[in-house]
Every structure is written in C-alpha cells, then in structure tokens.
Q: 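This structure is in structure tokens; I'll ask about it shortly.
Just so it is clear: chains get the letters A, B, ... in the order the sequence lines come, proteins before strands, and each one is counted from 1. From a predicted model like this one, the values you see are computed outputs, not experimental measurements.
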Amino acid sequence: MGGNAASGRPEVGTRVVTVRADEPALDKTFDYLAPSDVRVGDVVRIDLHGRRLGGWVVDVDVEPPAGVDLKPLAKVSGWGPSRDLVDLADWAAWRWAGQPPHFLRTATAASVVRGLPPAARPASAQGVEDALAADALRAGRAVLRLPPSADLFPLALQAARLGPTLVVCSSHAQERHLAARLRRAGLVVAAHPRDWAQARAGAHVVIGARAAAWAPCPDLAAVVVLDEHEEVHQEEASPTWHARDVAVERAARAGVPCVLTSPCPSLEALAWGALVSPSRADERAGWPVVDVVDRRREDPLRSDLYSEKLVDLVRSGRRLVCVLNRKGRAALLVCAACSDLARCETCQSAVAMGESTLVCRRCATTRPVVCQSCGSGKLKQRRLGVSRAREDLERLGRVPVGEVTGDSDDLPDTNVLVGTEAVLRRVDRADAVAFLDLDAELLAPRYRAGEEAMALVARAARLVGGKAGGGRVLLQTRQPKHEVVQAALLADPSRVSAVERERRAILRLPPAAAVAHVSGAPAAAYVEPLLGRIDVEVLGPAADGSYLVRAADVRTLCDALDATPRPGGRLRVAVDPARL
DNA sequence: CGGACAAGCTGA
DNA sequence: CAGCTTGTCCGG
C-alpha cells in the first residue's frame, strides 16, 4: 500500500501531489501519492493525522519530501478549480489576510462534479458593434462610465466576441436579465454557481454575482465587472475580498482585457484604469431630471421633511418611492400589545434587544424581555422614521402610502412607497424617487459616505430611467452645494471623485493609503509585532479594542500582515474595510 | 483543526 | 505518584 515510500519514488501509474486541506487553520500543505490522472485543482479526500479531510490538489509531480512515508489519497472526488484559480486563491489569501481554503471553496462547485458536459463550440459573432464598449475593451484596463439607465448588454456581447468572457454582476436580477439576453443572442451562458460544470467545460459567457469572480472560465478572453462601485461586490465577512479586485487580478494574470462599468466609478477603479465615457450630452440624457429642495428654505412651521414639491409628487398619481434612512441606526422596541416604548428601568433610555434580555444602550443595565406597562413578552422593532413618514405622507398627500421593510416578502400595492435605502433594491421601476433626508447619507460618519450617497442616487436614477422617459429624482437637503447633489444635478459624477480623492489624500485613507481593521479579543496581541515596523502605522486601540493598520500601499500592508503570526482566538482582519 | 504527548497541579 | 488539566507540537 502506498508504493515504494521509503525510497520516495512513486510507483508506476502514481504521482506525488501536494494537497491543500479544506481546513483554514492548517496553513501547511501535505504531499500524497495519487493516481497519475489526478490534475491540479481536483477535489480530494485525505487521511491526515487520524482525520479524514477534504482538500484540493494544488500541485502535481512534486519532489517528495525526504524521510516522509507518503500516504495515498483517500479519494479523488471530482473536478475543482483550474490551476490559475488555485494560484489566484493563494494571491487572495495574501491580499485580504485570509486563508486559501476560503477562496478555493468559492471556486468549487457546491456538489461533487464527476464529469463535464461538452464544451461550447466557438461562438459566431453577431449583433451590432458597440463603439464605446469596443473602445473600453481595446484599452485593456478600462473604467466604462455609463449613465444609470444605460444598457449593459452591448458591452457583454462585445466582450464575448473576443472569446470566453467572465461577467460579474451586482445583483441576481441583473445577472438573470443579462444571461437571458445573451442566450437569446445564441451564446452558451453558464450561470455561476448553478452551471459550474458547464463553465468548467467551456462556455461563451460565465456570469454571476460576486462569487462569479471565482467561476471557472477556460480560455478566458475578457473580464467585465458591472457596477463596480456597488458595495455588494465586497464580502462582508473576513476575508473581506472584493470581486472587482479579484476580477482585475485575474484578467491581468491571464493577459486579457478587463472593463469595469459604473455610473459613478469608485476612486479605486479610477486609480486603476483608463476612464472611458460617452459624450456629455449622452451621459446627461442617461440621468434623470434632478430636483433639489433646499430644506433650509422650507416653511419652518411645517415639518421640513415634506416639501411642497414632495407633496405634489405624492399627489401626482405617479409611482413614487420615498427613501428615508432612519437616523441613528438604533431601532426602537415597542410593545406589540400596548405600543409602549421599552425603556431602561434605571436611566429611562431606550433599550435594545440583547442575546435573551433587553440591554440599555446608555448604562448597559439588562432586564427580561417584558413590557413594563402591560407585562406582555412580545416586543417589536419600530423603525420610527419610516413608519412615521408613511403616516405623515398619507395624511398630507391624501393617498394611500405603503411602507417597505427590508424583510417583508411582498410590496404594498400602493403608488407611493416609503422605506429605508433597502427600498431601492426591492423596487425595480418607478416614475420618481425622493430622498426625504439626503443629509442623513451625506453626513453619515463613514469615510465613504459621499460615494455611498452617490451610489444611492445612481440606484434611484436607474429606477426612474433617463430624462427622455420623464424620470425624476427629488433630493431634499440642507446642503444643496454638496458635490453629490451637484454631481446628480449635472449628471457629472466626476465632481464627487475630484473632491473625495483630495479628501482621502489628506486623511490618508484608501485609495491614498492601504488600511486594515483588526478586531476581536486577540487584536492587541496580533498588532503587537506590527508596532515595531517602520513601514506600517498602527492606530488604536479604539473604544471597542480594535486597531487600524495603515501602510502607504496595498503591497506593503499585505506583506506586513502576511509576516505577522496569528494568535489563536476570534481575530478579524478586514483589509480594505468598506466602513471605518 | 484536533490528536498526542509532555509538563504542571492536586490530593492522599 | 495516579489522575487530571493545560500547553505545545505536528500532521505527508
């Protein structure tokens, strides 16, 4: 069993392979004897130290380590990622201070793939050539700034003319819509992860949301990332990898063109590639009419949340979506039986729901989940801002108004809807969108607040369409001169990037520097050796015990993190944190 | 990670 | 010194 292990030479019909176990805590790889038809990327099972583990072959025909008695693989399960993705997983582990298994899992089919379907035959080019898309693809590394209502299909089609193309979408709705149109154009389209085997075998277009950055795509010829500015492209959990950056690296390694699209490109994208955009006239036409209401000029006797222009829109009978982000993220708890507000017994402050008790936000006193007034144990979250606005708009507009919550399945059947920014993801069409309090976004205490606000306005703009279709966006603000308001008004997103770029340079925040947020109990122990380095700066600890590690650029930061040992325990390292 | 084994603590 | 906990090492 296991061949001539003592001499370190495999038997005929076997080879020595290196396996990465599917166990993130194991940072070593191990060598095994394998059948000679095993390929890099194959999913295998191994016996390791009395355990049976899954894993991936990451190298074949390696020099067996001296003095080790090699064991055979326990099982070869099936197809896995190709060698380029196995290598990309190692790069991503460095780039986001994670472990390769995280990425290899994302790059692997959900269930075992024993065989592959036939590969797609080369596609026949058809359709009208899109000049702007062709420009972007020719540029190699391009940021294609298209207005919100622009059709992204011509770009995908144009890219697919070059050969197998990877398309990373910002939503499943966008993915389904585009996939259907590409199929109608006669292309073999594999949706990731559902059609993993077809993608692995060879398709004309491999398409999906964030995880599709890790989809197989043999003979990759072009990479396209749609709405690269959208925060959904970044994984929230650690490692906080970004599909845009993975796609960019993948295209660079393959030596193929990469196009990032966005109505309002991120500073990261603009720092990376050449900006390609339509004529000013075309870009303006693709943005809706924007109305700015200066809340400072509104009649102070009525609530300045409901301007005359807004009430007119509510009464207009058109389909209107109102966005109101609750101020202070804390939702209030209200008794389901008697509607009394749940307060702290000690300090009368509003309480929040803890693990199994109510916790005071101010003094941290805990008490059981029971209403003080009526003794009911049923409390509900009340998002005061939105519920109140719904009632007010209904009264002022004298029309029914529906409230959209993040989790409820069906949309209210009313022409006018109110919700937090989540409403912009739930609704796919409207005549007008009104931001009741844009300042809540503009002034949010997050370093990307400006870009995030611009992204919301762009999302609203997509909902209502361009100027030709009569689309309208209403912005109520006390800062009408703010660059986000001006950018929307003039359909010129570069106004935001210009201001933001300078601000980030002054504050030394990305992309002017590279940062990682380190939190969790072992954070102090982890950053300790980093304090002695001259190429990184450690800020903190913050009130929650977390640290910020900063370096001049990504390479310096990631090299430093890579060289730092991980103490045990629940440590979170977020490289390029979306929020600080 | 999780098993193996070694070093340290306790109780009789 | 058995019997148990805690720590460190290592796996092919």
Side-chain angles (χ1 to χ4, degrees), chain A residues 1-81 83 85-87 89-90 92-108 110 112 214 235 237-241 518-529 561-575:
Chain A
M1 224 240 265
N4 195 357
S7 76
R9 193 176 301 116
E11 262 174 44
V12 174
T14 67
R15 65 204 322 193
V16 179
V17 301
T18 300
V19 174
R20 165 78 65 188
D22 186 4
E23 181 65 81
L26 275 176
D27 59 350
K28 278 171 68 181
T29 56
F30 299 92
D31 295 338
Y32 286 84
L33 289 168
S36 54
D37 58 348
V38 162
R39 299 156 301 243
V40 168
D42 279 356
V43 178
V44 296
R45 294 193 72 75
I46 55 169
D47 287 312
L48 181 69
H49 212 53
R51 289 199 285 166
R52 180 66 62 94
L53 295 170
W56 296 268
V57 173
V58 295
D59 207 354
V60 295
D61 300 328
V62 296
E63 189 60 36
V68 179
D69 190 13
L70 294 182
K71 289 182 177 164
L73 293 175
K75 191 181 181 191
V76 178
S77 306
W79 289 83
R83 183 188 280 274
L85 287 169
V86 170
D87 293 343
D90 283 335
W94 167 83
R95 178 65 180 77
W96 286 282
Q99 296 81 18
H102 275 127
F103 303 105
L104 292 168
R105 281 178 205 161
T106 308
T108 303
V112 171
W214 294 97
E235 177 73 42
S238 166
T240 53
W241 61 276
V518 180
S519 56
Y526 176 76
V527 300
E528 212 277 323
L561 298 177
D562 197 38
T564 307
R566 294 261 185 148
R570 284 179 57 85
L571 179 75
R572 179 182 144 95
V573 180
V575 179

Q: When you measure from the centre of the six-membered ring of A:W79, is the NZ or CZ of A:R39 closer than 6.0 Å and no more than 45° off the axis?
A: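 Cation-pi check for A:R39 and A:W79: passes.
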Q: Roughly, in whole Å, what's the span from CG in A:L26 to P in C:dG12?
A: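 About 11 Å, once rounded to whole Å.
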Q: Using whole Å, what does the distance between atom P of nucleotide B:dC1 and atom CG of A:L571 come to?
A: 12 Å
Q: Nearest whole angstrom, please: distance from the P of C:dG12 to the CG of A:D47.
A: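 So the CG-P distance, A:D47 to C:dG12, works out to 9 Å.
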Q: Between A:D90 and A:R20 (salt bridge meaning N to carboxylate O under 4.0 Å), is one present in this structure?
A: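 Salt bridge present between A:D90 and A:R20.
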Q: Enumerate the residues from residues 95-106 of chain A whose closest heavy atom to DNA chain C is under 4.0 Å, giving them by residue number; use none for an empty result.
A: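 By residue number: none to list.
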Q: Could you state the CD-C1' distance from A:E63 to C:dG12, rounded to the nearest angstrom?
A: 14 Å
Q: A:W56 and side chain to side chain donor-acceptor pair (under 3.5 Å): which single residue from A:T108, A:D42, A:T29, A:D22 fits?
A: A:T108
Q: Roughly, in whole Å, what's the span from NE2 in A:H49 to P in B:dA4?
A: 7 Å
Q: Parallel, tilted or perpendicular: which describes the rings of A:W241 and A:W214, with under 30° parallel and over 60° perpendicular?
A: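 Ring orientation, 0 to 90° scale: perpendicular.
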Q: In whole Å, I'd like the distance from the NZ atom of A:K71 to the P atom of C:dG11.
A: 11 Å
Q: Rounded off to whole Å, could you give me the CG-to-P distance for the A:L48 and C:dC10 pair?
A: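 Taking atom P of C:dC10 as the reference, CG of A:L48 is at 14 Å.
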Q: What verdict does the side chain to side chain contact (heavy atoms under 4.5 Å, CB included) test give for A:R45 and A:L53, after you've listed the backbone C-alpha separation in whole Å, the side-chain angles of each residue and the deciding distance to 0.1 Å?
A: CA-CA 6 Å; A:R45 294 193 72 75; A:L53 295 170; 5.9 Å; no
Q: Whole angstroms only, please: what is the CG-P distance between A:L53 and C:dC10?
A: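 The distance from CG of A:L53 to P of C:dC10 comes to 19 Å, rounded to the nearest Å.
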Q: Quick one: does A:T240's side chain have a donor or acceptor within less than 3.5 Å of a partner on A:V575's backbone?
A: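 Yes; at least one donor-acceptor contact below 3.5 Å.
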